[in-house]
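First comes the structure, then the notes that go with it.
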Amino acid sequence: VGIMFMLTGCAGILQTGSLKDAYKNYNEENYEEAFNKIRLVENISEMTDELQAELTYLKARTYEQMGEKNEANALYQYLKDQHSVSQYGYLAAKNLAKIETNSP
């Protein structure tokens, strides 16, 4: 049992550190590395719905910054539909509304 707690704790620390690194890379406009860190977080251990929504939102923002609007919009729509009660669902809906307003 002790080993299980230790492994779970290590996975949590690695997950938290990788998430921080993903945000750091995003903020530094190093989008490919941000994606790598997001994938690492996704593969470390089970995630809560909130963490899944956060990672999906960060992916969408990263795609948007890279000019890949279709991928970003698909993820925003997913968040709006599937995580509507989370802050990330709200932010995604807000981004979709902004995109629709700016479309020709």
Side-chain angles (χ1 to χ4, degrees):
V1 175
I3 293 173
M4 182 163 320
F5 284 125
M6 186 177 77
L7 292 175
T8 303
C10 290
I13 291 168
L14 184 58
Q15 194 175 51
T16 301
S18 295
L19 182 59
K20 286 181 184 179
D21 287 345
Y23 277 108
K24 180 178 180 263
N25 282 293
Y26 173 84
N27 290 331
E28 293 174 353
E29 299 179 9
N30 187 357
Y31 302 122
E32 290 300 323
E33 190 59 29
F35 275 126
N36 290 336
K37 296 300 180 181
I38 291 168
R39 284 185 205 101
L40 183 60
V41 174
E42 291 174 328
N43 292 320
I44 290 173
S45 64
E46 292 184 32
M47 290 184 281
T48 63
D49 286 344
E50 189 69 12
L51 180 56
Q52 179 62 49
E54 181 178 5
L55 288 173
T56 303
Y57 184 75
L58 183 55
K59 273 188 204 178
R61 295 283 301 161
T62 304
Y63 276 129
E64 187 174 1
Q65 292 302 313
M66 294 173 71
E68 298 183 30
K69 306 293 186 199
N70 291 336
E71 290 84 353
N73 290 346
L75 291 175
Y76 288 142
Q77 190 64 51
Y78 164 80
L79 286 166
K80 180 182 171 190
D81 295 343
Q82 299 299 315
H83 295 275
S84 60
V85 295
S86 81
Q87 67 179 343
Y88 300 104
Y90 168 78
L91 291 169
K94 195 171 168 183
N95 283 344
L96 283 170
K98 180 177 71 173
I99 290 166
E100 291 171 2
T101 301
N102 293 332
S103 294

#### Entry: Result of checking Thr56, Leu51, Leu58 against Glu54 for side-chain contact (heavy atoms from CB on, under 4.5 Å)
Leu51

Considering all heavy atoms, the nearest [X]-[Y] contact:
X	Y	answer
Leu96	Asn73	CD2-O, 4.0 Å
Ala72	Ala60	CB-O, 3.4 Å
Ser18	Leu40	OG-CD2, 3.1 Å
Ile38	Ala22	CG1-CB, 4.0 Å
Tyr57	Ala92	CE1-N, 4.0 Å

#### Entry: Tyr90 atom OH, neighbour heavy-atom count above 12 within 6.0 Å
no

### Message
Is it the case that the side chains of Gln52 and Asp49 hold a donor-acceptor pair, with the cut-off being a distance below 3.5 Å and no angle test?
### Response
no

### Task
To the nearest 0.5 angstrom, please state how far the CG atom of Asn95 sits from the NZ atom of Lys80.
11.5 Å

### Nearest-0.5 Å distance that lies between atom CD in Glu42 and atom CG in Leu19
10.5 Å

### Met66 side chain near Glu32 side chain, heavy-atom distance below 4.5 Å
yes

### Task
Could you check whether the rings of Tyr63 and Phe35 sit parallel, tilted or perpendicular, using 30° and 60° as the cut-offs?
tilted

#### Entry: Evaluation steps, side chain to side chain contact (heavy atoms under 4.5 Å, CB included), between Lys37 and Lys20
CA-CA 9 Å; Lys37 296 300 180 181; Lys20 286 181 184 179; over 6 Å; no

#### Entry: Salt bridge Glu64-Arg61, side-chain N to carboxylate O under 4.0 Å
yes

